[in-house]
Amino acid sequence: QVQLVESGGGLVQPGGSLRLSCVASGSIFSIYAMGWYRQAPGKQREKVAAITSGGSSNYADSVKGRFTISRDNAKNTVYLQMNSLKPEDTAVYYCNADRVVTTTGLSGYPYWGQGTQVTVSS
């Protein structure tokens with residue numbers, strides 16, 4: 001079984017920075033894509049950023065230029081560096097792993113972490 005565990009959330013003032021981490025564990029051979037999603041109260045979950053094992057990344061327009069996604073394939077870890085945070089970035093941030101190959105083969109569904117709260121407020 002694959003588990004994703006996020007860390008690094010917290011309370012930060014507007015304009016501040018946070019770095020989120022997500023570690024995937026289990027009988028993993030490879031993970032094609034890892035990413036971050038967020039869900040604010042009363043809103044749908046939205047994609048923030050994603051990165052492939054080859055290093056190709058994409059971002060939501062709302063975070064371009066402020067957030068940077070990176071990953072360490074050897075550690076099955078993905079990071080999200082968040083700078084110039086705004087109150088509208090307040091949400092629960094979820095880690096996602098897609099097209100995961102384990103000892104039982106290619107998973108037919110993505111895996112999700114439990115989420116970490118990010119609150120941007122003065």
Side-chain angles (χ1 to χ4, degrees):
Q1 185 62 279
V2 175
Q3 291 186 327
L4 303 181
V5 178
E6 303 103 333
S7 61
L11 173 64
V12 64
Q13 292 186 341
S17 298
L18 281 175
R19 188 190 194 213
L20 305 183
S21 300
C22 171
V23 180
S25 62
S27 301
I28 299 170
F29 284 138
S30 64
I31 304 173
Y32 175 69
M34 299 188 78
W36 292 94
Y37 289 68
R38 67 186 181 187
Q39 188 166 18
K43 295 187 177 181
Q44 289 188 334
R45 189 173 297 190
E46 63 173 355
K47 185 177 181 180
V48 176
I51 185 168
T52 68
S53 54
S56 297
S57 59
N58 58 80
Y59 297 88
D61 287 342
S62 59
V63 306
K64 282 181 180 177
R66 300 188 297 122
F67 291 10
T68 302
I69 191 170
S70 60
R71 67 186 279 181
D72 184 331
N73 292 330
K75 297 181 179 179
N76 291 326
T77 301
V78 64
Y79 308 95
L80 186 68
Q81 178 66 43
M82 306 185 293
N83 299 328
S84 302
L85 283 161
K86 304 175 181 180
E88 50 264 44
D89 294 318
T90 296
V92 177
Y93 283 69
Y94 297 91
C95 178
N96 167 276
D98 198 14
R99 278 182 269 179
V100 180
V101 180
T102 68
T103 53
T104 58
L106 177 63
S107 174
Y109 49 85
Y111 293 93
W112 293 91
Q114 292 299 306
T116 184
Q117 176 70 46
V118 172
T119 303
V120 185
S121 175
S122 55

I'd like a table of donor-acceptor pairs (distance under 3.5 Å, sequence neighbours excluded) in which one partner is a side-chain atom from residues 11-22, with atom names and distances.
unit_1	atom_1	unit_2	atom_2	d
S17	OG	N83	OD1	2.9

Return the [atom1] to [atom2] distance between [X] and [Y], rounded to the nearest 0.5 Å.
| X | Y | atom1 | atom2 | answer |
| --- | --- | --- | --- | --- |
| R99 | S53 | CZ | OG | 9.0 Å |
| D98 | T52 | CG | OG1 | 11.5 Å |
| T68 | Y79 | OG1 | OH | 14.5 Å |

How close do L4 and C95 get, counting heavy atoms only, and between which atoms?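 Distance-wise, the nearest heavy atoms are CD1-O, 3.7 Å.
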
Taking all atoms of both residues into account, what is the closest heavy-atom pair of G115 and V92, and its distance?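 That closest heavy-atom pairing would be CA-CG1, 3.8 Å.
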
Would you list the atom pairs, donor with acceptor, under 3.5 Å between side chains in residues 28-38 and any protein atom, with sequence neighbours excluded?
unit_1	atom_1	unit_2	atom_2	d
R38	NE	E46	OE2	2.6
R38	NH1	D89	OD1	2.9
R38	NH1	Y93	OH	2.9
R38	NH2	E46	OE2	3.2
R38	NH2	S62	OG	3.4

Side-chain donor or acceptor of T90 paired with backbone N/O of V120 under 3.5 Å: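 Pair found, side chain donor or acceptor close to backbone of V120.
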
Within the side chain of E6, is there an N or O that forms a donor-acceptor pair under 3.5 Å with the backbone of Q114?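 Pair found, side chain donor or acceptor close to backbone of Q114.
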
Tell me, do K47 and N58 make a side-chain contact under 4.5 Å, heavy atoms counted?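 When only atoms from C-beta onward are counted, N58 and K47 do touch, with a gap below 4.5 Å.
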
I'd like to check S107 versus T102 (side-chain heavy atoms, cut-off strictly below 4.5 Å). Are they in contact?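 With C-beta onward as the side chain, the pair stays apart.
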
Are [Y] and [X] linked, directly or through intermediate hydrophobic residues, by side-chain heavy-atom contacts shorter than 4.5 Å (ILVMFWY only)?
| X | Y | result |
| --- | --- | --- |
| V78 | V2 | yes |
| Y94 | Y111 | no |
| Y109 | V101 | no |
| L85 | Y59 | yes |

Heavy-atom neighbours of Q44 CD exceed 12 at 6.0 Å: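 Atom CD in Q44 is not packed in, count stays at 12 or less.
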
